[in-house]
Amino acid sequence: MSIGGELAGSLLGRSDSPLAVPATKPLVFRLKQGTIPCFRPPALFPAKQGRPASRSLKFLKPPTATISKEMINLVVGNLVKFKVRAVITVRRKIKEDIRGAIANHLDALSDKIGRNVALELISTEINRRTKAPMKSGEAVIKDWFEKNKNRGAQLVYTAEFAVDSGFGQPGAVAVSNRHQREFFLESIVLEGFPSGAVHFVCNSWVQSTKDHKDSRVFFAAKSYLPWETPEGLKKLREKELAEIRGDGSGVRKLSDRIYDYATYNDLGNPDLGRELSRPILGGEKKPYPRRCRTGRPPTDTNLQCESRIEKPHPVYVPRDEAFEELKQDAFSAGRLKAVLHNLIPSLIASISAENFDFEGFHDIDNLYKEGLLLKLGLQGHLLHKLPLVKKIQESSHGLLRYDTPAILSKDKFAWLRDDDLGRQAVAGVNPVNIERVKVFPPVSKLDPAVYGPPESAITVAHIAGHLNGMTVNRAMEEGKLFMLDHHDTYLPFVDRINALDGRKTYATRSIFFLSPLGTLQTVAIELALPPPAGCGWRQSRVLTPPWDATTSWLWQLGKSHVCANDCGVHQLVNHWLRTHACIEPFILAAHRRLSAMHPVFKLLHPHMRYTLEINALARQSLVSAGGVIEGCFTPGPLCMEMSAEYYRRHWRLDQESLPADLIRRGMAVEDSSQPHGLRLLLDDYPYADDGLLIWSAIDRWVGFYTSRFYRDPASVLGDAELQSWYSESISSGHADLRHATWWPSLSTPSDLASILTTLIWISSAQHAALNFGQYPLGGYVPSRPPLMRRLLPESQEEHAAFLADPHQYFLSAMPSVLQTTKFMAVADTLSSHSPDEEYLGGSKQAAAWAEEAEVLEGYREFAAEIERIEEEIENRNGDTLRRNRCGAGVMPYELLAPSSGPGVTGRGVPNSISI
């Protein structure tokens, strides 16, 4: 054998050689003249027939490495360079305004004269002499000017490198943007290395060097635990995390990508008046999770409060957390629709002192049929004062007419049935509060010295005749008594709420009996008021199923107060606090403490998408002083205080998993013989039935994933980044509860899998179950009013008015026209999926593991299981024995059906909290 042949054989055979070829992927040599090295990445099949495209994860064929004649000459000769090609995918805006188009054209022109975009490869190895990472030297992206006029959402560019033969494996790419504007970099694929194509999943905005002088660094798709980090990437890994953390000072620019913590000191606007001042949430007085820091200056009147930025100006979130174009367009369209829906009542309210009530149920029906103006008593002289209104009504058509909520199209009168309140508790928009009655009468945990005797006013005599012949004790023992208990959440706030103009509430409890058919019958409602000053006895009123016309109307009013309580707890506690607010600290800590190369960061990344942005928008206009939540829900300006009080008294991460939550509420018991290790006490509990399918799928996937990287407790305890992430999530993100003893430990692979499964569950299925049914299941306000304006009649005058016209009394207790339209408009927006939604088990997530075949195969199995769950849910919705999801006029339970199209669909489980 020649010396050159021996050299070639030696270099290609040695495992430590930079040209070494993995034994599992034999190379195919193609020696055509002029061929350049090219390693094509695996391609994906289109979806199989009848399935959404996002579900398919099948590969066409294994990658084929191609080595050119120049490469062979390099190996056997004395050449020291070989060619590498970078394929760069850039996403461009679909819609470009004039200013953007001009700036884009100027960047293209400047590219011709040398102000271009350059890439530099960084090796996983270090130079033994300088101890610095080996670098390729810069290569400029080609044809930026020439492709400027190309149409399409994506542009593909190339760059070529001449790489030294001792360079080793590329582990990172540094990108320098010398243009004037940022651009969105989707991915980079390097072709030409002997090991095959090297993938870089970027999906990030690259800022101009005039705004951020340093190059952006992107790491290859291969995962590395901290101690596995190649020598050439160690300092880069640390530097990248340090830059993302920032130094905790300064006002953040929209182009920054710094993640830091702050209290909720930006909800009020005291500079505009005391009525818009709100307490700071977060700290010893009012514990609360932390939010993303913006660094804005304080208000003039309170230096502890952060000044506000009002719409349409954006609130800072790290640049890559902001909505992408499709999402932004969909959200803006929804917000415009909401503004138009609410514009006419707002304009009329602004010129008239009269608070318009609905005159009849037909007026509410007309919101869906004819729009806002007709038959609401808003015609005539008022419209002459508002010529703009007529023009809007004429030009916008459907924008001013509400879509019919799904619940109304199925059965307009379902809400009047006594079993529907129970059905909503297990298959409605808030199915996470119902609990088993373990003690009768129920007992409050509030201070009896302040709030009176702890025992409920509901007695055995109230319910004994409604238990199908059972005694109360027997019904409890057999697991047939359940309740919705909002008593302790509301009672501390009732007096302050009832002092507000146009707001009235009780602290409610509802008792349900499980019928032989599996439905929940409401058998008693308690409406409690706090003790009057100087009196130790609480004022409570107990309602039982009606027996005549008068008690029927009182029963409906009582159920409406229960629903208003439930709406408030749903929105302020279960939806906003337990998903949006409590997950944000874990997201901030993940970016600050976990490298993009860390396998746990890669697992969590799709479940963090858009959450910081939607939370920032919520602080700007939803949960802020005078915002939509205060305007639409009974507690009004006390909404966020109520949320904070629940966080202080009740929130625990160890009870946020689905199994732990069901056991805590007495809705399930541990049973190893059951498929999910639990036995539900309700055979037909759609939220729990479907939720356990998804929980178990996530649990298996996460368990498989973590076991690939963590083999024993030492590997978990020894991972400095992982421990720092969890520690900071608690000590900084949930600082007010950091000393609690209930925080789960993070010492074993099992601990890690449990924590990650809980976080992914909250971000995906739990949020979906609580959010996307708001309009389909709650858009008909009489069936589920978000606020009440009158208590039950108490004085002789009120009682006389009630007896004379119970219909009008009921409508006057409901939200006004303005409150109703505002609520419906916002619920419609919040229930909508955007066109770029990424759903649980979708194919985009697979790109993160392009370099890790075993993990990718595990993800395929998870995606296939999610498909099977969707089929199972469809079958359950057709089972007539499941009366809470199937029957005449009964809504199928689809909130946990994984896939969905865009818009308001009442189904779909996105990966993350994105709305």
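All residue numbers in this chain count up from 1 along the given sequence.
Between Trp576 and His580, the ring planes are parallel. Angles under 30° get that label, and only those over 60° would be called perpendicular. The aromatic rings of Tyr157 and Trp144 lie parallel to each other, their planes meeting at an angle below 30°, with 60° marking the opposite boundary.
Across all their heavy atoms, Ile122 and Gly232 have their closest contact at CG2-O, 4.3 Å. Closest non-hydrogen pair, Gly733 versus Tyr261, comes out as CA-CE2, 3.8 Å. When all heavy atoms of Ser832 and Phe772 are compared, the closest pair comes out as O-CE2, 4.0 Å. Among all heavy-atom pairs drawn from Phe709 and Leu225, the shortest one is O-CD1, 3.4 Å. When all heavy atoms of Ser624 and Gln620 are compared, the pair lying nearest together is OG-O, 3.2 Å. For the pair Pro898 and Tyr839, the tightest heavy-atom approach, listed with the atom from each and the gap, is O-CD2, 3.5 Å.
Side chains of Val904 and Ser831 form a contact here, defined as non-hydrogen atoms less than 4.5 Å apart. In this structure, the side chains of Ser204 and Arg216 come closer than 4.5 Å at one or more pairs of heavy atoms. Between Ile244 and Ile258, every side-chain heavy-atom pair lies at or beyond the 4.5 Å cut-off. Inter-residue side-chain proximity for Thr905 and His833 is flagged as met; some heavy-atom pair is nearer than 4.5 Å. Using a 4.5 Å heavy-atom threshold, the side chains of Ile760 and Leu603 count as touching.
If you take CZ on Phe167 and OG1 on Thr124, they are separated by 8.0 Å, rounding to the nearest 0.5 Å. Remark: Phe586 CZ to Leu756 CG distance equals 10.5 Å, nearest 0.5 Å. Annotation: the span from Glu182 atom CD to Asn177 atom CG amounts to 9.0 Å, rounded to 0.5 Å.
Between Glu238 and Lys234, no side-chain nitrogen of the basic residue sits less than 4.0 Å from a carboxylate oxygen of the acidic one, so the salt-bridge criterion is not met. Taking the charged nitrogens against the carboxylate oxygens, Arg592 and Asp260 do have a contact shorter than 4.0 Å, which makes a salt bridge. Using a 4.0 Å cut-off between charged side-chain N and carboxylate O, Arg91 and Glu324 make a salt bridge. A salt bridge between Arg85 and Glu160 is absent, with no side-chain N of the basic residue lying under 4.0 Å from a carboxylate O of the acidic one. Between Glu613 and Arg319, none of the side-chain N atoms (NZ, or NE/NH1/NH2) sits under 4.0 Å from a carboxylate O, so this pair counts as no salt bridge. A salt bridge between Glu857 and Arg860 is present, with a side-chain N of the basic residue lying under 4.0 Å from a carboxylate O of the acidic one. Under a 4.0 Å N-O distance rule, the pair Glu231/Lys131 does not qualify as a salt bridge. At a threshold of 4.0 Å, the pair Arg252-Asp256 counts as salt-bridged, since one of the basic side-chain nitrogens sits closer than that to a carboxylate oxygen.
For the salt bridge (Lys or Arg N to Asp or Glu O under 4.0 Å) test, residues two or more places apart in sequence or in another chain that qualify with Asp266 are Arg291, Arg296, Arg619. Considering only residues two or more places apart in sequence or on other chains, Arg293 meets the salt bridge (Lys or Arg N to Asp or Glu O under 4.0 Å) condition with none of them.
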Side-chain donor-acceptor pairs of residues 908-915 under 3.5 Å, sequence neighbours excluded:
residue	atom	partner	partner atom	Å
Ser912	OG	Arg609	O	2.8
Ser914	OG	Glu837	OE2	2.8

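For Lys253, the NZ atom is densely surrounded, since the number of other residues' heavy atoms within 6.0 Å is greater than 12. Few gaps surround NZ on Lys147; more than 12 heavy atoms of other groups in view lie less than 6.0 Å from it.
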Using side chain to side chain contact (heavy atoms under 4.5 Å, CB included), reason through Val855 and Tyr859 one step at a time and then give a plain yes or no. CA-CA 6 Å; Val855 173; Tyr859 183 75; 5.6 Å; no
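With 3.5 Å as the limit, one finds a donor-acceptor pair spanning the side chains of Arg237 and Thr229.
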